[in-house]
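Right, one structure below, let's go through it.
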Amino acid sequence: MNAPTSHPVLAGISVVIPTLGRPILERSLAAIEQGSHWPAAVIVVDQGRSEDTANLCGQVTERGLEVVYVPSDQRGRALGVNRGIERASTRFVAVTDDDCLAEAEWLRAMNAALERDARVIVTGRIEAADGGNVPVVVTTREEFVQRRPRLTFDSLSGGNMGAARELLVGLGLLDEDPCVATAEDAELAYRALRAGIGLRFEPRAGVAHVDWREGDERAIQYDSYARSHGGFYGKYLRRGDLFIGARMGLHLMRAARRWATGLVRGDRDLARNGRAYVLRLPGGAIAGWRGRPIPGAERLQ
């Protein structure tokens, strides 16, 4: 066994990683372990309840980085993130995914941004790891704060975010309704902005997203994204939110253009993406209209 190593510890921040127990978690933990600074703890919420995952967490802890292993019978990313946030005892929490690799300065940059202003949610760059093709990359190096919702999209990546724990709890945490299963970060961003909470983009807090989906897996994911965005929109349409109605219309028009462009160019992946949103988003909106109430809706302006 290797001797434990020592890194400066940022005692006021924990990292939450939801996982199904995929082997790629080892790379995600290794990236945090190799970072310039360590968190007070890494909280791994394992919805796969894997013995291998439990053993991996124990091995990393033996090397000096505290990893709290939390087995869970629940399924869904929002549920995993929420259980991790609830388990955290630090002032701040940072959230990433098991298929995201934190850059060496990720945690220090995230923590510094939160210490400057704990009234915002912080997010950062998303790069494609290993030259892969991931659905979303955000590579700008310009720091900014978003204060109002946009018609296109809001600047928050669920795989690279941080906030004061008290702020997230006050917002109602992530929406656990299955109808927003893979758009829980988009819904949280909109809810935060509607509640007067800004989104700070910190370009020095970067992660690399590993591309592991192929063929049918990618098509299934596009369908899930489309239905979930529809679910998010449907919840707010039920509240009479005309802005979301305009965003949904624009979203459908842009999706139709992606579908057509993909067909003309022979870009199968682009066409799949556009087709998924055109066909699946409206049904998702109906599910959202019928879904559970929005968490923390009383705070919305």
Side-chain angles (χ1 to χ4, degrees), residues 13 15-18 76-78 80-82 84-85 92-97 99-100 102-103 106-107 109-114 116-127 134-177 180-209 224-225 228-233 235-236 241 243-244 247-248 250-251 294-296 299-301:
I13 189 167
V15 174
V16 172
I17 305 177
R77 183 180 183 277
V81 172
N82 287 350
I85 293 171
F92 301 132
V93 289
V95 179
T96 189
D97 289 325
D99 57 1
C100 289
E103 293 181 356
W106 171 70
L107 190 67
M110 182 73 70
N111 186 72
L114 290 169
R116 286 201 308 272
D117 186 357
R119 298 166 297 177
V120 298
I121 298 176
V122 177
T123 191
R125 285 182 299 105
I126 303 287
E127 307 277 358
V134 295
V136 177
V137 293
V138 184
T139 59
T140 180
R141 298 282 175 164
E142 179 184 354
E143 184 177 356
F144 61 87
V145 179
Q146 182 184 346
R147 297 291 182 185
R148 294 181 178 85
R150 301 185 186 127
L151 272 177
T152 50
F153 59 88
D154 300 315
S155 300
L156 178 65
S157 169
N160 184 3
M161 60 173 274
R165 183 181 180 278
E166 181 179 344
L167 182 148
L168 293 174
V169 171
L171 269 174
L173 300 180
L174 275 67
D175 192 338
E176 299 178 1
D177 193 334
V180 295
T182 52
E184 78 294 336
D185 52 350
E187 190 282 324
L188 178 68
Y190 187 70
R191 184 167 16 119
L193 291 166
R194 287 286 306 276
I197 296 168
L199 308 177
R200 178 180 294 280
F201 182 82
E202 171 50 74
R204 287 163 291 193
V207 303
H209 190 182
S224 177
Y225 286 155
S228 297
H229 270 92
F232 154 35
Y233 295 157
K235 283 174 176 269
Y236 286 85
D241 190 326
F243 183 89
I244 279 294
R247 180 188 280 193
M248 180 175 169
L250 179 62
H251 204 153
I294 299 166
R299 294 192 57 179
L300 300 181
Q301 298 175 357

Check your understanding: With a 4.5 Å heavy-atom cut-off, do T123 and L199 have their side chains touching?
Key -> no

Check your understanding: Do the side chains of F92 and V122 get nearer than 4.5 Å, heavy atoms only?
Key -> no

**Study point:** Pair D185 + R77: basic N to acidic O under 4.0 Å
**Key:** no

Review point. For the residue pair V16 and I85, what are the closest heavy atoms and their distance?
Key: CG2-N, 3.9 Å

Exercise for review: Would you check if F232 and R247 make a side-chain contact, meaning some heavy-atom pair closer than 4.5 Å?
Suggested key: yes

**Study point:** S224 (side chain) donor-acceptor with T182 (main chain) under 3.5 angstrom
**Key:** no

Point to revise | Whether R200 side chain and L114 backbone form a donor-acceptor pair below 3.5 Å | key: no

Review point. Roughly how far, to the nearest 0.5 Å, is the CG atom of L173 from the CG atom of N82?
Key: 4.5 Å

Check your understanding: Would H209 and D99 satisfy side-chain contact (heavy atoms from CB on, under 4.5 Å), going step by step from the backbone distance to the final call?
Key -> CA-CA 6 Å; H209 190 182; D99 57 1; 3.2 Å; yes

Point to revise | Cationic N near anionic O, under 4.0 Å, E103 to R204 | key: no

Exercise for review: Using modelled atom types only, decide if a donor and an acceptor are shared between the side chain of D154 and the backbone of R150 within a distance under 3.5 Å.
Suggested key: yes

Review point. Can D175 and R191 be counted as an ion pair, charged N to O under 4.0 angstrom?
Key: no

Review point. Looking only at heavy atoms, which two atoms of L167 and A118 are closest? And how far apart?
Key: CD1-O, 3.7 Å

Practice item. Locate the shortest heavy-atom distance separating L193 from G198; write the atom from each residue and the value. Key: CD2-CA, 4.4 Å

Review point. Which distance, rounded to the nearest 0.5 Å, do you find between the CG of L250 and the CZ of F153?
Key: 11.0 Å

Practice item. May I ask you to decide if Y225's main-chain N or O and H229's side chain share a donor-acceptor pair within less than 3.5 Å? Key: yes

Review point. CD of E143: more than 12 outside heavy atoms within 6.0 angstrom?
Key: yes

Check your understanding: Sub-3.5 Å donor-acceptor pair from the side chain of N160 to the main-chain atoms of I126, do we have one?
Key -> no

Check your understanding: If you round to the nearest 0.5 Å, how far is CD1 of I294 from CG of L171?
Key -> 12.0 Å

Check your understanding: Do D177 and E187 touch side chain to side chain, with heavy atoms closer than 4.5 Å?
Key -> no

**Study point:** Steps toward side-chain contact (heavy atoms from CB on, under 4.5 Å) verdict (D241, R194)
**Key:** CA-CA 11 Å; D241 190 326; R194 287 286 306 276; 2.6 Å; yes

Study note, to complete from the structure: CE (M248) and CZ (F243) are apart, to the nearest 0.5 Å, by 14.5 Å

Review point. Closest heavy-atom contact between D97 and G159?
Key: OD2-CA, 3.5 Å

Study note, to complete from the structure: Taken to the nearest 0.5 Å, the spacing of H251 NE2 from Y233 OH works out to 4.5 Å

Check your understanding: Between the main-chain N or O of T139 and the side-chain N or O of R125, is there a donor-acceptor pair closer than 3.5 Å?
Key -> no

Point to revise | Main-chain N/O of S155 paired with Q146 side-chain donor or acceptor, under 3.5 Å | key: yes

Practice item. Indicate the atoms forming the closest heavy-atom contact of S228 with A181, along with that distance. Key: OG-N, 3.4 Å

Exercise for review: Output the distance between atom CG (L300) and atom OH (Y236), rounded to the nearest 0.5 Å.
Suggested key: 5.0 Å

Practice item. Could you tell me whether a side-chain N or O of R119 sits under 3.5 Å from a main-chain N or O of I197, the two making a donor and an acceptor? Key: no

Review point. Of the non-hydrogen atoms in E142 and T140, which two are nearest, and what is the gap between them?
Key: N-OG1, 3.2 Å

Practice item. For the residue pair F201 and F144, categorise the inter-ring angle as parallel (less than 30°), tilted (30 to 60°) or perpendicular (more than 60°). Key: parallel

